[in-house]
Amino acid sequence: MIVAFVMGVFFALQYYIPHPFTDDLLTGISKWFIVISGIAMGLGIVSLFYLHYHKIKRRAPAWGFSFVMFIALFAMVGIGIYCANAEVITETGKQTIYGWLYQNFMVPLQSTMFSILAFYVASAAFRAFRAKTKEATLLLIAAIIVMFARVPMGEYVYAQIPTFQVGGVTIPPSIGDITSWIMKTINMAAQGGISLGICLGIIAMSLKIIFGIEKSYMGSTK
Amino acid sequence: MDSTVIGGWIAAGLTLFMFSSLYKDNPFYRFGEHLYLGLSVGYIIIKVIYANIIGGLYKPFFEDQQYLLIIPTILGLSLYTRFFPKIAWISRITFAFIVGYGSGLTIPRIIAGGIFQQIEKIITPLGKNSATWWDIFSGIIIIIGVVSVLIYFFFSVEHKGVVNKISRVGIYFVMIAFGASFGYTVMARMSLLIGRSYDLIEFATPKYYYATLILLVLMVLILVLYESTRKKEEGSKDNA
Amino acid sequence: MNALLKKMANLDRRIIYVLISLAIVIPLLYPLFIEVNVNPEAKAVYDTIDNLPSGSTVFLAMDFDPASKPELYPMAEAVLRHCFSRDLKVIGMTFWVTGVGLGEKAFTDIAKEYNKQYGTDYLYLGWKAGGYALVIQMGEEGISAAFPADHYGRETSTMPILQKVSHLKHLDYLVELAAGGSIGTWYYYGKMKYKFKMGGGCTGVMVAGWYNLMKIDWINGFMGGLRGAAEYEKLINKKAKATRGMDAQSVSHMLIIAMIIFGNITYFVNRAKGNK
Amino acid sequence: MIWLFILLLFFIPVSLPAQEPAPPTPIAIAKTPSEFQAYDTPNNCLDDVSLIWKAVPSEVELINKSKELKELNKTIAELQAKIDNAEKNKRDDKYYSQWEKKSADLDENKWKEKLAESEKKKIKISNEVDALKNKIIITEYIVYIDKNADGKFEQEVDRFPSNANWKSDKEWPFWVSGTKEGYHYVEINILEQFPAGTLPELKKKKSELQKVRSEIEKSKLEHKDYSKANSRKLNLMKEVNILEDKVSAEKNEIKSKPYYFKVTAADKDNSVLFTFPVLSAQAKDNWFNWSLAVNFLVMIFFCATVIWFISHAKKNKDLFLRRINGLDAVEEAVGRATEMGRPVFYMTGITGMDDIACICATVILGKIAEKVAQYDSQIKVPHRDPIVMTVCQEIIKEAYIKAGRPDAYKSDSSFYVTGDQFAYTAAVNGMMMREKPAASFLMGSYAAEALLLAECGSTTGAIQIAGSDSTDQLPFFITTCDYTLIGEEFYAASAYLSREPVLVGTLKAQDFGKLFILAALVFGAAISLAHLPWIIDIIKDFS
């Protein structure tokens with residue numbers, strides 16, 4: 001409690017103090033966090049091992065896959081230590097086994113998970129964009145316009161619409177202009193409002209923590 | 001077969017494994033998932049050992065005599081007191097330390113970077129000498145939007161009458177903005193998939209001995225077999 | 001009929017997934033070649049290369065890794081095609097060790113297309129540790145001093161391509177394809193001192209930043225993202241991967257829009273029936 | 001009423017208290033600048049003193065005109081480039097539609113008109129600039145330093161042309177005057193002028209130490225004995241420590257004295273036109289950054305309102321709170337989990353315990369875990385950060401105790417998965433597909449994995465409630481989740497769920513802050529519409 005208060009007040013004030021002593025302290029303490037999180041990693045590993053060890057022990061459904069996890073983990077750690085954390089040999093630029101593992105296992109797995117987003121975006125759009133209410137209709141129309149404008153085919157189709165001039169202004173304006181106006185004006189307005197609200201929320205939350213009003217993060221409410 | 005071809009087979013296989021989750025949960029996905037889990041934890045452990053423990057603690061402590069590092073070491077170790085319920089309260093000091101640091105650090109930076117910068121960004125376009133009537137119109141729209149969104153967030157005022165109407169306008173702004181940014185992101189997400197598809201197409205070439213195609217056919221066959229045996233099992237269970 | 005409509009409204013996700021993958025894969029295999037509008041930024045790179053006298057040397061820095069391959073690799077291919085078709089010589093290298101294979105592939109593939117000779121018409125230096133120090137060395141002591149051996153381990157100092165262009169200052173153009181901040185290295189340690197012309201290509205997320213780089217004259221033009229690559233392909237009249245990628249983008253966007261409209265139609269029809 | 005007062009505080013320029021200007025005493029010659037001041041320590045700097053003097057009026061005019069000229073040249077170049085480009089496109093027939101061609105023509109004409117206008121203006125201004133140039137006599141300012149007031153002033157500190165070093169080049173808090181009127185401004189680092197005597201030795205030792213270190217690293221790699229080098233290293237480190245102390249003592253000694261400054265103005269032929277009177281100043285360590293004073297005031301103000309509202313709330317227990325739909329649905333979601341006999345999933349985002357969003361997510365977890373305990377359901381919290389995991393274990397345990405069911409608590413309900421973004425997503429998605437949770441809560445900050453988690457949850461048919469401050473990901477939550485807490489609603493959730501008067505009081509304070517921002521926005525917009533540029537400068541100073 002007191003620790004949180006002291007830390008909070010000190011680091012809030014640190015911002016206003018130009019003396020180098022406080023800057024040194026700030027960088028020093030951020031280095032401390034590297035150490036703390038390094039040591040805390042052990043807790044994570046214990047938790048993970050416990051979970052999967054029990055799965056294997058209890059012969060829970062699909063416990064075999066926990067073996068896969070352990071094998072992969074130990075292989076990665078073993079090879080990582082063997083290669084001393086080097087993905088390439090610095091002098092020659094040759095890949096080590098560790099680097100090869102990373103390149104051919106981690107990279108495709110990672111980018112595949114990431115690319116599944118493309119499918120999810122499509123199905124989310126299909127399900128959610130129904131003109132059930134006024135709000136939903138606006139959501140849908142804005143999304144369609146922007147999606148349409150972002151690709152050459154959309155530009156091409158839109159360019160077939162006849163245009164005419166009124167007092168030096170082209171009507172309708174190009175679709176690129178419409179999207180950029182939406183993004184720059186409406187989007188900025190909404191984002192601005194939301195993030196101003198968020199800022200206030202964050203400040204209030206921080207103050208609650210510093211003054212000890214909110215302390216349930218410590219588990220005990222006493 | 002050299003290492004690139006083997007790598008290609010592995011990459012193609014894992015890609016298909018992960019994509020198979022789109023069909024439904026299946027052994028291939030589970031294999032990929034657990035493999036990825038293990039590898040990633042292993043990778044993080046290596047990074048933690050070399051960067052955090054050796055680079056952040058061991059070297060500065062023993063080689064540069066930065067003895068103050070004993071404090072975070074104790075704080076870190078105190079997290080482990082959780083395994084001994086009697087002294088578990090010690091770990092709370094560490095929580096308070098981290099949380100206090102985070103919240104103290106945040107406040108002034110949020111005031112400067114969040115609130116003031118936002119307000120500046122919103123107001124300045126109106127004051128520019130070069131602003132056309134269209135710019136000013138857009139600027140006013142922005143201000144109307146920000147104000148109405150902020151009013152939507154008022155918690156202690158009942159949303160009735162004028163307040164309700166303004167906050168509705170705020171919600172309209174939010175919805176258009178969300179729709180637009182949704183549409184805007186689609187392109188980036190699609191290029192990820194395009195990248196993956198290019199790789200799969202490449203792995204389907206003779207250079208990689210048609211890795212993608214062979215693996216795909218094998219996977220589909222095994223999945224069909226797996227499904228039918230499972231259905232039979234379920235059927236027999238039902239009968240029994 | 002009613003049941004069918006209801007089914008349509010709650011279309012199985014898997015059908016959507018199949019449609020999306022078809023919308024991506026089919027244009028990649030059987031492209032439509034939809035016209036892309038060329039922006040002046042990409043045109044500037046094209047014009048610079050197009051106006052070089054034949055026999056000039058272009059340096060291609062491919063500083064990206066497989067993660068940015070869909071966007072930057074087509075650019076590398078397009079620039080190489082343009083250079084080789086105009087009988088320009090090309091030297092290539094990369095700062096990103098994970099991308100070293102990509103560069104090699106681009107050079108060998110395109111050189112084969114145009115029947116070019118390794119060592120005389122093109123050279124791939126590969127990767128070496130050193131970062132900006134390499135650039136300084138290539139400028140001060142010469143390219144063959146920084147890279148005594150090329151990607152394949154062959155000796156570089158005797159290669160005909162490096163006889164005329166031994167140092168960075170002899171370059172006629174440098175094209176930097178970047179997925180990160182490597183353009184700073186090339187500018188501060190290279191262009192500022194040896195005064196070669198520089199252009200480039202970047203990933204989609206970096207486009208805004210590169211506009212500014214062009215304004216302050218770091219580069220005279222650039223290709224931005226997949227679209228930039230497609231524009232370049234249009235300019236050299238050889239529509240390849242990037243144009244196909246853009247096709248896939250177009251088709252998938254249109255598919256999503258069509259699905260949304262379809263979903264709404266079924267929704268309204270269902271509702272109208274429900275009201276009765 | 002208080003806020004009106006505070007608002008006024010924002011916009012009334014306050015004079016700067018900390019700095020004591022010396023009395024200006026000009027030396028009379030033709031066109032002499034009128035003011036010369038020496039300051040002890042300006043904002044942010046420790047070893048510096050600063051000198052300020054007013055420039056000759058024509059100098060100021062020249063600088064303004066040249067700036068204008070530069071801008072004009074830039075716009076001309078831009079317009080020219082645009083026109084060239086348009087012409088080229090027309091020649092190359094790059095337009096694929098009639099429509100595009102027409103609008104391009106229109107734009108081109110507009111640009112051409114503007115270009116002609118700008119060219120005219122340019123000629124006028126460049127003439128004016130030339131005239132001004134002839135008028136100015138001072139070409140250079142030279143600054144000298146000495147330890148004594150009556151010294152010889154032989155040590156030259158700085159020498160710069162009379163059109164450089166302006167006060168307006170630096171950033172100042174809004175109440176400092178003279179940033180616009182054309183003051184010359186020089187900052188002088190005392191320690192650079194009179195460096196500590198032992199400094200070179202320290203540098204030498206340090207580089208030696210570096211060498212020994214790399215030697216040790218090398219012999220370690222080659223598995224050679226390095227004990228000798230090690231003992232040398234230790235010796236060197238001791239020496240360095242002693243020297244460091246010495247240097248800092250010397251530095252303090254140097255800084256403890258005032259120094260004297262003389263500024264002269266010279267013409268083209270390097271002959272001295274006039275000399276300012278000698279002034280003294282001393283470098284001091286600052287304990288407050290005055291340019292951030294406004295920020296500080298706002299913080300104090302906000303603290304005060306929070307405290308005030310809390311004490312108010314204690315007295316006045318039923319404060320009104322508007323409904324937040326997503327939070328009313330929590331009960332339904334948890335109840336449904338009990339009915340179906342399936343677990344509830346809760347995710348706390350990607351950030352660590354030092355991020356406020358994550359703290360907020362853990363606080364909300366406490367409230368939800370309590371409901372879960374009451375309804376006798378099961379909660380699962382997968383984590384990416386071991387510290388957050390530990391915190392959440394504590395919180396869940398406490399929630400079960402509060403609900404009176406400590407026996408039902410399972411220690412593995414909050415567990416670590418992995419720190420890798422997509423491995424975490426893959427694993428959690430796998431779990432969701434297999435266990436088919438009845439409800440899933442996504443709280444905190446998220447990145448690209450947001451949609452992956454939310455869409456997978458919706459395929460399994462879970463009721464999903466999201467709350468996030470990541471504005472980039474909110475659109476995806478809106479489309480895939482049943483309820484979404486947008487931005488501030490997420491931060492209000494813990495107060496809303498608990499209904500504790502103290503917490504609700506802070507919500508009131510937040511509303512008050514919003515009112516304040518609203519007023520500032522409308523006020524600022526009105527003023528900037530009225531084209532008062534100084535107000536924009538003030539706002540810029542805030543950030």
Side-chain angles (χ1 to χ4, degrees), chain B residues 18 21 24-25 29-30 32-34 36-37 39-41 43-44 63-65 79 82 88 91-92 94-95 98-99 101-103 105-108 111-113 115-117 119-120 122-124 126-127 129 136 139-140 143 146-147 150-151 153-159 174 178-179 181-182 185, chain D residues 213 237 292 295-296 298-299 319-322 324 352-356 359 387 390-391 393-394 417-420 422-423 426-427 429-430 433-434 472 474-476 478-479 486-489 492 496 507-508 510-511 514 517-518 520-522 524-525 528-529 531-533 535-536 539-540 542-543:
Chain B
M18 292 318 265
S21 77
K24 70 197 288 189
D25 184 38
Y29 176 68
R30 281 194 201 181
E33 172 202 328
H34 282 85
Y36 189 15
L37 181 63
L39 288 174
S40 72
V41 175
Y43 188 73
I44 290 167
E63 295 183 7
D64 302 342
Q65 272 102 22
L79 289 172
R82 289 190 13 78
S91 63
R92 287 192 194 141
T94 313
F95 298 165
I98 298 170
V99 169
Y101 165 84
S103 42
L105 211 60
T106 314
I107 298 175
I111 293 177
I115 296 182
F116 287 149
Q117 247 171 36
I119 295 182
E120 182 197 336
I122 292 161
I123 295 178
T124 33
L126 285 171
N129 286 325
I136 289 175
I140 290 173
I143 289 188
V146 174
V147 168
L150 274 179
I151 285 178
F153 283 123
F154 270 98
F155 296 112
S156 56
V157 182
E158 204 167 347
H159 283 194
V174 169
F178 283 172
S181 32
F182 191 105
T185 333
Chain D
R213 278 216 176 118
M237 276 165 74
L292 296 172
N295 189 314
F296 186 70
V298 170
M299 186 176 78
L319 281 167
F320 175 80
L321 264 190
R322 81 158 163 91
I324 300 176
M353 215 48 211
D354 55 340
D355 185 71
I356 307 295
I359 299 173
I387 298 177
T390 322
V391 172
Q393 284 173 346
E394 285 285 306
V417 181
T418 171
D420 184 281
F422 289 110
N429 278 2
M433 280 193 268
R434 286 186 286 275
D472 299 340
L474 278 171
F476 301 113
I478 290 264
T479 44
I486 301 167
E488 205 184 348
E489 290 177 332
Y496 188 87
L507 276 190
K508 264 242 151 178
Q510 265 165 263
D511 279 359
K514 262 168 282 176
I517 290 179
L518 276 185
L521 260 179
V522 174
S528 89
L529 259 184
H531 283 285
L532 295 175
I535 200 99
I536 293 161
I539 295 161
K540 265 184 194 155
F542 289 162
S543 38

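Quick caveat: nothing in here was measured; it's all calculated off a predicted structure. Order of the sequence lines sets the chain letters (A, B, ...), proteins ahead of strands, with each chain counted from 1.
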Is the shortest heavy-atom distance from the side chain of Met353(D) to the side chain of Phe95(B) under 4.5 Å?
no
Side chain to side chain contact (heavy atoms under 4.5 Å, CB included), that's the test. Do Phe153(B) and Ile486(D) meet it? Break it down for me.
CA-CA 9 Å; Phe153(B) 283 123; Ile486(D) 301 167; 4.0 Å; yes
Under 4.5 Å from any heavy atom of chain D, what part of Ile107(B) do you find: side chain, backbone, both or neither?
side chain
Go through the atoms of Tyr496(D) and report whether side chain, backbone, both or neither lie under 4.5 Å from a heavy atom of chain B.
neither
Side chain, backbone, both or neither: which part of Leu521(D) has a heavy atom under 4.5 Å from chain B?
both
Heavy-atom closest pair, residues Arg322(D) and Phe154(B):
NE-O, 3.1 Å
I need the Phe116(B) CZ to Ile517(D) CD1 distance, nearest 0.5 Å.
9.0 Å
Less than 4.5 Å apart, side chain to side chain, heavy atoms only: is that true for Tyr36(B) and Asp420(D)?
yes
May I ask you to name which of Ile115(B), Val146(B), Val157(B) has the most heavy-atom pairs under 4.5 Å with chain D?
Val157(B)
Heavy-atom closest contact (Ala426(D) atom, Met18(B) atom, distance)
CB-CE, 3.8 Å
Non-hydrogen atoms of Ala520(D) and Ile123(B) that approach each other most closely
O-CD1, 4.2 Å
Between Met433(D) and Lys24(B), what is the shortest heavy-atom contact and its length?
SD-C, 4.5 Å
Measure Asp511(D) against the heavy atoms of chain B and call it side chain, backbone, both or neither at under 4.5 Å.
both
Determine the option with the most heavy-atom pairs under 4.5 angstrom with chain D, choosing from Ile151(B), Ile143(B), Ile44(B), Leu39(B).
Ile44(B)
Distance from Asn429(D) atom CG to Tyr29(B) atom OH, nearest 0.5 Å?
5.0 Å
What distance separates Thr106(B) OG1 from Ile356(D) CD1, expressed to the nearest 0.5 Å?
4.0 Å
Rounded to the nearest 0.5 Å, what separation is found between the NZ atom of Lys514(D) and the CZ atom of Phe155(B)?
5.0 Å
Side chain, backbone, both or neither: which part of Ile359(D) has a heavy atom under 4.5 Å from chain B?
side chain
Out of Arg434(D), Gln510(D), Lys508(D), which one racks up the most heavy-atom pairs below 4.5 Å with chain B?
Arg434(D)
The interface call for Ser103(B) against chain D, heavy-atom contacts under 4.5 Å, is both
Residue selection (most heavy-atom pairs with chain D, distance under 4.5 Å) from Ser156(B), Ser40(B), Ser181(B), Gly102(B):
Ser156(B)
Heavy-atom proximity to chain D below 4.5 Å, by part of Thr185(B)
side chain
Enter the distance from Asp354(D):CG to Leu105(B):CG here, rounded to the nearest 0.5 Å.
8.5 Å
